[in-house]
Amino acid sequence: MRHYLQFGRFGFQLHAAEQGRQALVMGILNVTPDSFSDPGKFRHLEFALSRAEQMILEGADIIDIGGESSRPGASPLPLREELQRVMPVLYALRDCGKPLSVDTYKPEVMREAILAGADMINDINGFRAPGAIEAVKDSDCALCIMHMQSVPQTMQDHPQYEDVVREVINFLRQRVNAMLAAGIDRERLCIDPGFGFGKTVEQNYALLRASRQLRNELGLPILAGLSRKSMIGAVTGRPVEQRLAGSIAGALAAVAQGAEIVRVHDVAETVDALKVWRMAH
Ligand code: YH5
């Protein structure tokens, strides 16, 4: 199954095996100022831009800009604050030559980001917020629909499913249908099982093993984000700063299951791993 994904100004023939590899690498760009080390409030912007430049040199295909930490237990970021973090980075990277994704679930941020030229909206909430679908429908940016049970503050407290794979597929199908019903072109959509978002370690791996099934049942490309997550830590026994090898194995496992896009912190290492991986296929 080959997919075309419309990415705003860009279009990708996924699995076209261009550039010597078969999956696209989305580099994670967190824009989170630290008020202690950043009293002038601009160093975080400089830092984010140099990190983006580095990821592009390392072979990132997409840059995913996020202002709000969606880690378990994290509290929501006020709208104004999120805009103040994300928008300057988006404007500054506008002409970097790579598609720009914005990781947000707030319809107001989606609208602003699209006006500023974002090529993808990556919503951990699956476009469930009132007004989210309206905010994105009249554009041509790609849309990543992710599954999450509950909300980031409490999602890891008691993840509960009778059949996690079936329930994630049903959720994603329902969201895809809602977006298609709003008139959104199918070529703009990709889906994501949402590793770590209201799932136990076992449930995360059940979803990883079932990724091809998700892709085949829904007929849409898969974006997978496992980089440095607790599902890697749980198996390796490693703290977050020592999860590189485990994260690469996770990315390759997702690609083996048909994932077209992998969302990672460590771009250079993942690109290398995918280059070698591809030669064996
Ligand atoms: C995702 O999977 N994840 S933000 C906890 C960690 C490490 C990393 C240390 N946005 C995804 O990256 N968007 C995030 O433990 C995402 N898919 C998509 N589409 C969380 C994150 C992280 C959380």
Side-chain angles (χ1 to χ4, degrees), residues 5 7 23-32 55 61-77 82 85-86 99-106 109-110 113 118-128 132 136 141-153 155-156 159 168 171-172 175 189-201 203-205 207-208 211 214 220-244 246-248 250-251 253-254 257 259-267 270:
L5 187 59
F7 252 100
L24 299 179
V25 174
M26 170 185 261
I28 301 170
L29 188 65
N30 288 319
V31 192
T32 43
M55 291 197 295
D61 300 290
I62 308 158
I63 305 293
D64 187 40
I65 307 166
E68 172 168 333
S69 167
S70 308
R71 290 188 181 190
S75 43
L77 187 69
E82 188 174 341
R85 291 183 188 185
V86 168
L100 302 175
S101 163
V102 174
D103 187 341
T104 188
Y105 56 82
K106 295 191 184 78
V109 178
M110 295 176 188
D119 301 290
M120 176 184 232
I121 302 293
N122 172 27
D123 184 357
I124 60 163
N125 200 32
F127 300 90
R128 281 179 290 175
V136 300
C141 60
L143 303 167
C144 179
I145 307 171
M146 200 193 80
H147 173 272
M148 169 169 62
Q149 185 176 81
S150 182
V151 291
Q153 293 96 295
M155 65 191 178
Q156 291 307 106
V168 168
F171 170 88
L172 291 172
R175 295 315 302 153
L189 304 181
C190 66
I191 51 172
D192 184 336
F195 296 112
F197 285 86
K199 285 130 193 150
T200 64
V201 171
Q203 289 161 351
N204 282 316
Y205 282 98
L207 284 166
L208 180 54
S211 294
L214 246 76
L220 285 170
I222 297 236
L223 188 157
L226 327 85
S227 185
R228 300 184 189 173
K229 285 185 178 173
S230 59
M231 64 187 289
I232 306 296
V235 169
T236 57
R238 305 247 179 228
V240 65
E241 66 281 3
Q242 291 172 21
R243 294 179 185 166
L244 174 60
S247 296
I248 291 173
Q257 284 287 338
E260 280 90 348
I261 306 174
V262 284
R263 181 180 178 276
V264 305
H265 298 87
D266 303 289
V267 172
T270 308

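Ligands are counted one by one from 1 in listed order, and the atoms in each one are counted from 1 as well.
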Nearest-0.5 Å distance, CD1 of residue I62 to CE of residue M26: 4.5 Å
Minimum heavy-atom distance between S247 and R228, given as atom pair plus value: OG-N, 2.8 Å
Heavy-atom nearest neighbour of atom 17 (N) of ligand 1 within options I28, V240, D192, N122: D192
Per-atom contacts, ligand 1 versus S227 - under 4.0 Å to a heavy atom: 7 (C), 8 (C)
From CD1 (I65) to CD1 (I28), nearest 0.5 Å: 13.0 Å
Separation between CD1 of I145 and CZ of R175, rounded to the nearest 0.5 Å: 7.5 Å
For atom 10 (N) of ligand 1, closest protein heavy-atom neighbour: D103 OD2, 3.0 Å
C144 neighbourhood, listing ligand 1 atoms whose heavy-atom distance to it stays under 4.0 Å: 19 (N)
Proximal ligand 1 atoms for M146, defined as those under 4.0 Å from one of its heavy atoms: 1 (C), 17 (N), 18 (C)
R128 CZ: over 12 foreign heavy atoms closer than 6.0 Å: yes
Top protein contact for atom 5 (C) of ligand 1, by heavy-atom distance: R71 CG, 3.7 Å
Separation between CD1 of I191 and CD1 of I261, rounded to the nearest 0.5 Å: 11.0 Å
Distance in Å, M120 CE paired with S101 OG, rounded so as to fall on 0.5 Å steps: 5.5 Å
Electrostatic pair D192-R263, nearest N-O below 4.0 angstrom: no
Ligand 1 versus L226: contacting region, heavy-atom distance under 4.0 Å: neither
Protein residue, atom and distance nearest to atom 12 (O) of ligand 1, heavy-atom basis: R263 NH1, 2.9 Å
Protein contact to atom 1 (C) of ligand 1 [nearest heavy atom, distance to 0.1 Å]: K229 NZ, 3.5 Å
Region of A224 engaging ligand 1 - heavy atom pairs below 4.0 Å: neither
Atom indices of ligand 1, in the order listed, that fall short of 4.0 Å to a heavy atom of S70: 4 (S)
Within reach of ligand 1, part of L223 (heavy-atom separation under 4.0 Å): side chain
Identity and distance of the protein heavy atom lying nearest atom 15 (O) of ligand 1: R228 O, 3.5 Å
Nearest-0.5 Å distance, SG of residue C190 to CG of residue L5: 5.5 Å
